[in-house]
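The block underneath contains the structure these notes are about, expressed in structure tokens.
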Amino acid sequence: MKKLAQYTPFILPGLVLLFLIGLFARGLFLDPSKVESPLIGKPAPAFSLPELKQPDKRLDQGLFQGQVTLLNVWGAWCVACHEEHPVLVELAARKLLPIYGLDYHDDPQAALAMLEKDGDPYTAVLFDASGDVAIDWGVYGAPESFLVDKHGMIRDKYIGPITPEIIETRLVPMLKQLQAEP
């Protein structure tokens, strides 16, 4: 009994340590691309940003009205965005939906050079130098993409590079569903 009392001060910290280890271990096996966004089912956040290729032209959330749209958050500095880019170029060639880019925390010359070198899948690119609009959209990092319905509501979010598999198994079925809605 005396020995048990000797270890009593360590029992609670030991249990807390085991709980934290279990929590961290569980987190290692979660898929970060499946993090739910609190913005799903809500209107696209308001913004007014310059267009990358025409800095004097400003675009706002009105561009989502009347059509199902994909907003892709990217940057020329982002390695995963370079990986994703050919997939977006192929998606744009299929003309399934307009793809708008949100280039954030980037050097505009580097972004333009990437589009010129690797192809431009975007209908237009919003330039978010400060990253404030990306924060409003709940962006963790790039690339992330949002499927916005024709009423300007965010309906899905993709974290990480969009792959051909994501396009066929997730994006296209959701796109067809949203296009069929009134």
Side-chain angles (χ1 to χ4, degrees), residues 32-33 35-40 42-167 170-172 174-175 178:
S33 68
V35 174
E36 281 292 322
S37 170
L39 296 178
I40 302 294
K42 295 188 177 165
F47 62 85
S48 176
L49 288 172
E51 207 278 327
L52 179 67
K53 291 181 180 176
Q54 303 173 55
D56 294 337
K57 181 179 178 184
R58 295 191 75 83
L59 298 171
D60 62 28
Q61 67 281 2
L63 59 89
F64 302 122
Q65 294 298 318
Q67 58 187 351
V68 180
T69 306
L70 187 69
L71 178 72
N72 174 251
V73 181
W74 67 286
W77 48 266
C78 163
V79 174
C81 298
H82 287 270
E83 176 185 320
E84 176 189 59
H85 199 78
V87 175
L88 293 176
V89 170
E90 285 183 26
L91 177 62
R94 292 172 65 182
K95 300 183 185 300
L96 296 174
L97 76 169
I99 305 171
Y100 287 93
L102 177 62
D103 180 30
Y104 88 113
H105 284 298
D106 209 355
D107 171 2
Q109 296 310 314
L112 289 168
M114 179 178 161
L115 296 177
E116 186 171 325
K117 178 179 167 265
D118 300 333
D120 185 354
Y122 302 112
T123 303
V125 177
L126 309 163
F127 185 65
D128 183 12
S130 67
D132 290 344
V133 171
I135 290 171
D136 291 344
W137 281 72
V139 171
Y140 297 99
E144 290 187 17
S145 300
F146 298 84
L147 191 60
V148 182
D149 73 14
K150 47 188 140 180
H151 305 289
M153 306 287 281
I154 297 172
R155 301 295 292 267
D156 204 0
K157 178 180 180 178
Y158 310 92
I159 298 174
I162 288 182
T163 63
E165 180 184 357
I166 289 173
I167 289 172
R170 191 167 158 185
L171 179 70
V172 170
M174 186 95 177
L175 173 63
L178 295 177

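All values derive from a computational prediction rather than experimental measurement. Note that the numbering runs from 1 along the sequence shown for the chain.
- When side chains are defined from C-beta on, Leu126 counts as touching Leu71, because their heavy atoms get closer than 4.5 Å.
- Judged purely by atom type and a 3.5 angstrom limit, Trp77 uses its side chain to pair as donor or acceptor with the backbone of His105.
- Relative ring orientation between His85 and Trp74 is described as tilted, the plane-to-plane angle lying within the 30° to 60° band.
- Taking NZ of Lys157 as the reference point, atom CG of Leu147 lies at 13.5 Å (rounded to 0.5 Å).
- For Ser48 against Arg58, the heavy-atom pair with the smallest separation is O-NH2, 2.5 Å.
- A donor-acceptor pair under 3.5 Å is absent between the side-chain atoms of Gln65 and the main chain of Gln61, judged by distance alone.
- Between Cys78 and His82, the shortest heavy-atom distance links the atoms O-CD2, 3.0 Å.
- Using a 4.5 Å heavy-atom cutoff, the side chains of Gln67 and Thr123 are not in contact.
- Here the side chain of Asp128 pairs a donor or acceptor atom with the backbone of Val133 at under 3.5 angstrom.
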task: Run the numbers on Asn72 and Ser145 for side-chain hydrogen bond (donor to acceptor under 3.5 Å, both in side chains), then give the verdict.
output: CA-CA 4 Å; Asn72 174 251; Ser145 300; 2.8 Å; yes
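- Looking at Val125 and Leu115, their side chains come closer than 4.5 Å, going by heavy atoms from C-beta outward.
- Rounding to the nearest 0.5 Å places CD1 of Ile159 at 8.0 Å from CZ of Phe146.
- Across every non-hydrogen atom of Leu52 and Ala111, the tightest pair is CD2-CB, 3.8 Å.
- Here CG of Leu63 is found 5.0 Å from OH of Tyr100. Values are rounded to the nearest 0.5 Å.
- The backbone N or O of Asp149 lies less than 3.5 Å from no partner atom in the side chain of Arg155, so there is not a single donor-acceptor pair.
- Taking the side chain as every heavy atom from C-beta outward, Val87 and Pro121 never approach each other to under 4.5 Å.
- Taken from CG in Asp156 to CG in Leu171, the straight-line distance is 8.0 Å, to the nearest 0.5 Å.
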Stepwise side chain to side chain contact (heavy atoms under 4.5 Å, CB included) check, Leu88 with Tyr122: CA-CA 8 Å; Leu88 293 176; Tyr122 302 112; 3.6 Å; yes
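- The heavy-atom pair separating Pro161 from Ile166 by the smallest distance is O-CD1, 3.9 Å.
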message: If you apply the rule side chain to side chain contact (heavy atoms under 4.5 Å, CB included), what do you find for Val172 with Leu96, and how did you get there?
response: CA-CA 8 Å; Val172 170; Leu96 296 174; 4.0 Å; yes
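- The two residues Pro45 and Trp137 come nearest to each other via the heavy atoms CD-CE2, 3.6 Å.
- For Gln54 (side chain) and Asp56 (main-chain N/O), no donor-acceptor pair under 3.5 Å exists by modelled atom type.
- If you take CG on Leu112 and NZ on Lys53, they are separated by 7.5 Å, rounding to the nearest 0.5 Å.
- The nearest pair of heavy atoms linking Ile162 to Ile167 is CG2-CG1, 3.6 Å.
- Summarising the geometry, atom CG belonging to Leu49 is positioned 8.0 Å from atom CG belonging to Leu59; distances are rounded to the nearest 0.5 Å.
- Taking the side chain as every heavy atom from C-beta outward, Val139 and Tyr104 approach each other to under 4.5 Å.
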